[in-house]
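Below you'll find the structure, written out as structure tokens, and then a few comments.
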Amino acid sequence: HASRQPAELGSPREAGLSPRVHGGQWQKIRASEEEDGKAKLHVPNACPNSGSVLRCAGLSTIIHWFRRDLRISDNTSLHEAFTRSSRVIPFFCWDDAILRAPDVGPARVNFLLRSLESLAKNLEAMGHRLIVRRGLPHEELVRLAKETGAEAVFANRDYEPYARERDTRVRAALESVGVVFSSFKDSVVWEEREVLTGTGGVYTVFTPYSKAWRLRARPEPRPRLGQAKQPIPAEVVSLPLPSGGAELGHPLGHELFPAG
């Protein structure tokens, strides 16, 4: 969508501003998603002639919420959070709604656990710390944002029905406390409205669609996560990863292939 300049605002609270001060000025951060799947943060015209509205915003802390993207290389949201902030909070939430889903069983949960162990080690090698919580994602993210002073939560888009409903709740809960929620295209090369016919409609036949798909210049992979710029305060607690799926209600009766 086209970028929009925010209208003139009244008091910070009336305008729905985050009660955080950057450079002595109140700022309202708005998220809009562009065609290439990136999210751009907008602030009022407090910093005209600035080469970057993101530098003008001066975000200090962004939470990256890991979901289906347990990796530190070629991770769109994680890369954006790292480059746009002074501190990234890597976060994972055990969501009971997913743990109790009919398509989730011992093998899947235990493989996820081992993947999380690998992720945590990779993050630690770069000076980062994975924060793990269990509960309702919208409640846990609000709690973590308050604990860390995070101005935004970034995540890669998830397209399943439950995920869409969950993310709607998360966005509303975060916005109610002045925190931005921005999602990014990551698990697909092109989203459903990015490859269209000459008249702007969707393809109904695969062959012309595949030809149009291949004609588009594919984006380059995102760089590997860099060394942590600032540590996460020690008082921000994290749950230890369970030693096995039994602690999550999914005991495993056979050996799994290595994860990571």
Side-chain angles (χ1 to χ4, degrees), residues 17-22 27 29 31 39 41 54 57-73 75-99 112-156 158 166-167 169-184 224-243 247-248:
L17 301 188
S18 170
R20 300 189 178 92
V21 180
H22 300 289
Q27 299 183 352
I29 301 171
L41 303 184
L54 296 176
L59 296 181
S60 63
T61 302
I62 297 177
I63 297 169
H64 168 71
W65 179 16
F66 282 103
R67 290 107 72 89
R68 295 176 175 269
D69 55 337
L70 307 184
R71 62 186 186 278
I72 66 171
S73 295
N75 186 319
T76 305
S77 170
L78 181 62
H79 171 72
E80 295 294 333
F82 179 75
T83 56
R84 297 185 188 196
S85 69
S86 302
R87 180 173 60 192
V88 175
I89 310 291
F91 172 70
F92 179 83
C93 182
W94 291 110
D95 185 347
D96 285 331
I98 291 179
L99 289 172
L112 172 60
L113 266 174
R114 296 171 74 172
S115 297
L116 284 167
E117 291 171 0
S118 177
L119 173 66
K121 290 178 182 177
N122 289 335
L123 287 168
E124 288 171 9
M126 303 303 292
H128 300 269
R129 181 162 64 98
L130 180 64
I131 303 299
V132 180
R133 302 285 174 87
R134 183 171 181 176
L136 298 172
H138 64 280
E139 293 180 353
E140 295 302 325
L141 282 164
V142 167
R143 185 175 294 115
L144 184 60
K146 290 179 177 179
E147 291 175 14
T148 60
E151 294 98 334
V153 174
F154 284 8
N156 290 314
D158 193 338
R166 174 201 61 202
D167 289 357
R169 291 191 296 271
V170 166
R171 185 184 299 276
L174 289 171
E175 288 181 351
S176 73
V177 295
V179 178
V180 171
F181 177 70
S182 290
S183 64
F184 298 81
R224 183 180 176 88
L225 177 67
Q227 195 73 26
K229 304 169 190 175
Q230 293 183 20
I232 300 174
E235 57 268 23
V236 179
V237 300
S238 174
L239 296 175
L241 289 173
S243 58
E247 297 177 44
L248 299 167

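- The structure places CG of Leu130 at 8.5 Å from CZ of Phe92, a figure rounded to the nearest 0.5 Å.
- The heavy-atom pair separating Gly135 from Cys93 by the smallest distance is O-SG, 3.5 Å.
- Residues Arg71 and Leu225 have side chains not in contact (no heavy-atom distance under 4.5 Å, counting atoms from C-beta outward).
- How far CD1 of Ile63 is from CG of Leu144: 4.0 Å, rounded to the nearest 0.5 Å.
- Crowding of Lys229 atom NZ: a count of heavy atoms from other residues, nucleotides or ligands under 6.0 Å exceeding 12.
- Paired with Val142 under the rule side chain to side chain contact (heavy atoms under 4.5 Å, CB included), one option of Val153, Val170, Leu174 passes, and it is Leu174.
- Taken from CG in Leu112 to CZ in Arg68, the straight-line distance is 11.0 Å, to the nearest 0.5 Å.
- Atoms CG and CZ, from Asp95 and Arg133 in turn, are 15.0 Å apart once rounded to the nearest 0.5 Å.
- Salt bridge status for Arg143 with Glu140: present, with a side-chain N to carboxylate O gap under 4.0 Å.
- Between His128 and Phe82, the ring-plane angle classifies as perpendicular under the 30° and 60° cut-offs.
- Atoms NE2 and CZ, from His138 and Phe181 in turn, are 13.0 Å apart once rounded to the nearest 0.5 Å.
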Please lay out, stage by stage, how Glu147 and Ile131 fare under the test side chain to side chain contact (heavy atoms under 4.5 Å, CB included).
-> CA-CA 12 Å; Glu147 291 175 14; Ile131 303 299; over 6 Å; no
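- Of the possible polar contacts, none joining the Arg169 side chain to the Leu136 backbone as a donor-acceptor pair under 3.5 Å is found.
- Listed here is the closest heavy atom pair of Ser86 and Gln230: CB-NE2, 3.5 Å.
- Looking at heavy atoms from C-beta onward, Asp69 lies in side-chain contact with His64 at the 4.5 angstrom threshold.
- Side chain of Ser238 to main chain of Val132: a donor-acceptor pair is present (N/O by atom type, distance under 3.5 Å, no hydrogens or angles).
- Looking at every heavy atom in both residues, Pro231 comes nearest to Arg87 through O-CD, 3.4 Å.
- With respect to the salt-bridge test (charged N to carboxylate O, under 4.0 angstrom), the residues Arg134 and Glu247 do not qualify.
- The two atoms that bring Arg166 and Pro137 nearest to each other are CD-CG, 4.0 Å, heavy atoms only.
- You'll find the side chain of Glu117 reaches within 4.5 Å of the side chain of Leu241, heavy atoms only.
- Side-chain contact check for Asn75 versus Phe66: some heavy-atom pair is nearer than 4.5 Å.
- The shortest side-chain heavy-atom distance between Glu151 and Val180 does not fall under the 4.5 Å cut-off.
- In terms of heavy atoms, Ala150 sits closest to Val179 at O-CG2, 3.7 Å.
- The minimum heavy-atom distance between Ala81 and Ser85, with the atom names listed, is O-OG, 2.7 Å.
- Separating the CZ atom in Phe154 from the CZ atom in Arg84 is a distance of 4.5 Å, to the nearest 0.5 Å.
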